[in-house]
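First the structure, in the form of structure tokens, and then the observations on it.
Numbering starts at 1 and runs along the sequence shown. All figures in this text were calculated on a predicted structure; none of them were measured in a lab.
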Amino acid sequence: MTDFKWWQTALFYQIYPRSFADGNGDGIGDFPGITAKLDYLKDLGVEALWLSPHFPSPNWDCGYDISDYCNVAPEYGTLADFETFLREAHARQLRVILDLVLNHTSDEHAWFLESKSSRDNPKADWYVWVDTPPNNWQSCFDGDAWTYVPERNQYYYHYFMKQQPDLNWHNPAVKQAMWDAVRFWLDLGVDGFRLDAIGTIYEDPQLTPHTVPMNLAQLRHFSDTARTPSEKQQRDRYWHDMFKHQWGRPELHDLMKELRTILDEYDGDRMLVGEDDNIDYMGYGDDELHLVFNFPLMRTEQLSPAHIRKNQKNRLARLDELPTRGWGCNTLGNHDSSRIYSHYGNGQHDAELARLNAALVLTLRGTPFLYNGEEIGMQDLIITDPGKLRDTMATWYHTALIHDLHIDPVEAARRAGEMSRDKNRTPMQWGPLANGGFCPEGVEPWLPVHPNHLEGINIREQQDNPDSLLHYYKRLIRTRKSTPALLTGEYQPLHTQSNDYIAFLRTCPTQTVLVILNYSPDHRNLKFSGTGKKTARGLFSSAGRSQNDQPLGKISLGAFEVFIAELI
Ligand code: GLC
């Protein structure tokens with residue numbers, strides 16, 4: 001394992017700072033809160049933390065609209081609180097990566113305030129300015145992508161909310177300023193960055209209009225109501241066609257190389273993981289990003305064996321083609337997507353599916369990322385009162401549904417709540433306590449706590465229950481850590497025709513491990529031949545099977561069982 005870097009074998013855990021733990025009792029998560037929970041994270045078995053943005057922000061996009069790249073949002077604490085957190089995390093051998101938002105700043109960032117003040121100020125060219133909107137481009141959050149500024153009598157471009165103006169990355173001064181911020185955090189000792197929305201950094205210089213016969217609100221409405229396979233196909237085509245001129249430009253390679261060079265100046269194998277599924281952004285495998293997320297794995301309504309196999313086949317083949325072989329990165333959920341438990345449940349076997357999917361992400365080849373709360377089975381909480389929505393892209397959609405599309409207000413509220421990312425960002429459920437133990441009784445948390453914290457979906461009760469999902473995650477994580485083939489081994493699919501279960505080998509020089517995930521309620525007896533081994537020695541079973549030996553000619557598997565065994 002010495003040939004592997006820490007970011008290849010580590011288990012990452014995403015912390016959403018606003019919702020993780022409230023240390024000062026104001027209803028908002030903060031650094032003292034996170035620091036106090038480091039022992040919990042250590043005990044869970046994670047090895048690296050990714051923090052969603054913790055920088056000062058007017059919070060039009062929950063921190064992804066940054067107004068100062070070199071500081072800490074006052075509601076999260078001070079820079080000293082951050083440094084304490086980092087020191088304490090490192091003292092527990094937990095690495096820390098930050099969120100780096102390159103595409104845009106907040107419209108309250110000093111750079112933008114200066115840029116918008118006149119046409120000839122020193123930062124006049126730091127953002128993307130035009131005299132008149134040159135095309136029909138849409139922002140993916142709030143309609144027209146071009147917003148008027150009277151001071152300049154000009155328009156600026158924004159891929160996201162109008163409060164998130166796009167930086168002009170063709171300007172070397174922009175790069176310089178952003179690289180200074182990168183160095184600021186690297187100098188403090190952070191271990192790397194998750195790069196936000198990198199695909200959107202450059203746009204088509206021809207400014208080619210899109211050809212979709214709709215605007216954003218209409219497309220969202222169309223998507224909400226698409227039912228047939230052909231409507232769904234058209235929906236996907238429209239989303240692609242509406243935005244295809246606004247992302248995915250080749251210029252990004254040089255920018256990623258430049259950023260990589262900065263990281264490589266530092267010791268300790270600092271790393272970059274891109275919020276993009278395009279393996280091209282790993283360059284030659286050693287000169288751009290270290291990792292990109294395998295989002296195609298999670299982009300499905302049901303994680304079926306066929307979907308998983310196809311995904312692995314495509315991804316691993318592409319990674320293998322890179323001149324310096326690439327490494328995968330698997331996740332099933334984050335702050336932008338439905339909770340894993342809700343997303344991949346079928347309403348009947350949600351608990352079993354949650355266990356299978358946890359095992360999937362922890363046994364596939366590649367670095368796994370968990371999202372805070374998935375370890376206790378947190379679920380989506382749909383906010384039906386539009387006045388309580390905090391995700392402004394949903395607030396915008398709600399207004400558009402009522403005013404532009406004349407949708408019935410009750411229906412509009414339901415749809416806005418469902419599309420809102422608030423549902424998967426609610427506070428961590430620490431105990432069967434007032435506000436789930438996230439913040440004190442009598443304080444209103446920034447988003448409501450899911451009422452199911454009183455029904456066993458909380459950390460304290462699950463810690464006391466050896467059969468809980470939390471203990472299941474811990475056992476799986478321990479198995480993964482102590483099994484070299486699961487950390488670094490090659491992946492070889494077996495029984496590739498099966499519809500109900502997925503089976504694969506993970507093989508490293510010292511070990512061959514068989515993983516079987518039974519996605520069906522049926523018990524089965526399976527036969528594995530051609531592995532050169534005779535016996536499967538149990539390492540882990542979700543069915544509580546004792547760690548006995550089973551002949552490879554007849555492996556018995558329970559309903560929805562996860563079975564992991566070393567072949568001998
Ligand atoms: C990324 C973030 C998302 C944010 C967007 C704009 O997709 O994950 O939360 O809204 O970028 O920064």
Side-chain angles (χ1 to χ4, degrees), residues 7 10-20 29 34 41 44 46-55 57 59 61-65 95-103 140-141 160 192-200 271-278 281 289-301 303 311 315 328-345 354 357-358 360-362 364 366-382 390-391 393-394 418-429 447 450 473:
W7 47 266
L11 168 59
F12 280 73
Y13 182 96
Q14 179 188 356
I15 290 182
Y16 197 68
R18 220 170 181 74
S19 289
F20 195 66
I34 301 174
L41 294 169
L44 176 60
V46 304
E47 292 151 305
L49 307 174
W50 151 32
L51 293 188
S52 277
H54 65 277
F55 315 93
S57 161
N59 277 303
D61 185 16
C62 256
Y64 283 90
D65 48 324
R95 307 266 186 163
V96 175
I97 69 167
L98 303 182
D99 220 309
L100 183 62
V101 183
L102 300 176
N103 177 66
C140 72
F141 279 6
F160 297 97
F193 299 97
R194 173 264 191 189
L195 301 180
D196 185 69
I198 42 173
T200 61
M271 62 86 70
L272 297 169
V273 51
E275 190 211 3
D276 204 298
D277 53 56
N278 190 347
Y281 297 140
L289 305 184
H290 299 79
L291 298 172
V292 297
F293 286 106
N294 177 9
F295 290 132
L297 177 66
M298 58 186 271
R299 255 182 238 130
T300 174
E301 283 167 23
L303 281 163
N311 169 269
R315 296 297 286 186
C329 179
N330 300 302
T331 187
L332 295 177
N334 57 43
H335 65 295
D336 291 330
S337 60
S338 225
R339 285 269 175 195
I340 297 173
Y341 198 96
S342 308
H343 184 169
Y344 303 111
N357 294 330
L360 177 71
V361 89
L362 289 164
L364 286 178
T367 303
F369 273 64
L370 307 180
Y371 176 50
N372 60 199
E374 74 167 84
E375 71 274 25
I376 53 167
M378 280 180 62
Q379 298 169 26
D380 287 348
L381 176 64
I382 305 216
R390 296 287 170 268
D391 185 357
M393 99 185 195
E418 262 170 26
M419 71 86 79
S420 156
R421 298 167 297 174
D422 291 333
K423 65 177 182 293
N424 46 280
R425 296 174 173 179
T426 59
M428 278 291 275
Q429 297 167 200
L447 275 179
H450 200 303
Y473 264 82

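Atom CG of Asp277 and atom CE of Met298 lie 10.5 Å apart (nearest 0.5 Å). One finds the CG atom of Leu370 at 7.0 Å from the CG atom of Leu44 (value rounded to the nearest 0.5 Å). The structure places CD1 of Ile340 at 10.0 Å from CG of Leu360, a figure rounded to the nearest 0.5 Å. The structure places CG of Leu195 at 6.0 Å from CG of Leu102, a figure rounded to the nearest 0.5 Å. Residue Asn311 holds its CG atom at 10.0 Å from OG1 of Thr300, rounded to the nearest 0.5 Å.
Across all their heavy atoms, Ser57 and Gly63 have their closest contact at OG-CA, 3.5 Å.
Formation of a donor-acceptor pair under 3.5 Å by the Asn424 side chain with backbone atoms of His335 is found in this model. Without hydrogens or angle criteria, Ser420 side chain to Ala394 main chain gives no donor-acceptor distance under 3.5 Å. With hydrogens and angles ignored, the 3.5 Å screen pairs a side-chain donor or acceptor of Asp422 with a backbone N or O of Asp391. A donor-acceptor pair is defined here as one N or O able to donate and one able to accept, closer than 3.5 Å; no such pair exists between the side chain of Ser19 and the backbone of Tyr16. Of the possible polar contacts, one joining the Asn334 side chain to the Asp336 backbone as a donor-acceptor pair under 3.5 Å is found. Of the possible donor and acceptor atoms, one in the side chain of Glu375 sits under 3.5 Å from a partner among the backbone N and O of Gly373. No side-chain donor-acceptor contact under 3.5 Å links Thr426 to the backbone of Leu447. Using a distance-only test at 3.5 Å, with no hydrogens or angles considered, no donor-acceptor pair links the side chain of His290 to the main chain of Val273.
You'll find the side chain of Leu297 reaches within 4.5 Å of the side chain of Leu364, heavy atoms only. When side chains are defined from C-beta on, Tyr371 counts as touching Arg339, because their heavy atoms get closer than 4.5 Å. At least one side-chain heavy atom of Val96 sits under 4.5 Å from a side-chain heavy atom of Leu98. Between Val292 and Arg315 there is a side-chain heavy-atom pair separated by less than 4.5 Å. Using a 4.5 Å heavy-atom cutoff, the side chains of Leu49 and Phe20 are not in contact.
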query: Is there a side-chain contact (heavy atoms from CB on, under 4.5 Å) between Arg95 and Trp7 once you walk through the steps?
result: CA-CA 9 Å; Arg95 307 266 186 163; Trp7 47 266; over 6 Å; no
task: Step by step, work out the side-chain contact (heavy atoms from CB on, under 4.5 Å) result for Phe160 and Thr200.
output: CA-CA 9 Å; Phe160 297 97; Thr200 61; 3.9 Å; yes
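Between Lys423 and Glu418, none of the side-chain N atoms (NZ, or NE/NH1/NH2) sits under 4.0 Å from a carboxylate O, so this pair counts as no salt bridge.
For the residue pair His450 and Gln429, no side-chain donor N or O sits within less than 3.5 Å of a side-chain acceptor on the partner. Inspection of the Tyr344 and Ser338 side chains reveals no N or O donor paired with an N or O acceptor under 3.5 Å.
A centroid separation of less than 6.0 Å is found between the aromatic rings of Phe369 and Phe293.
Applying side chain to side chain donor-acceptor pair (under 3.5 Å) to Tyr64 and the options Asp196, Asp99, Asn59 leaves one that passes, Asp99.
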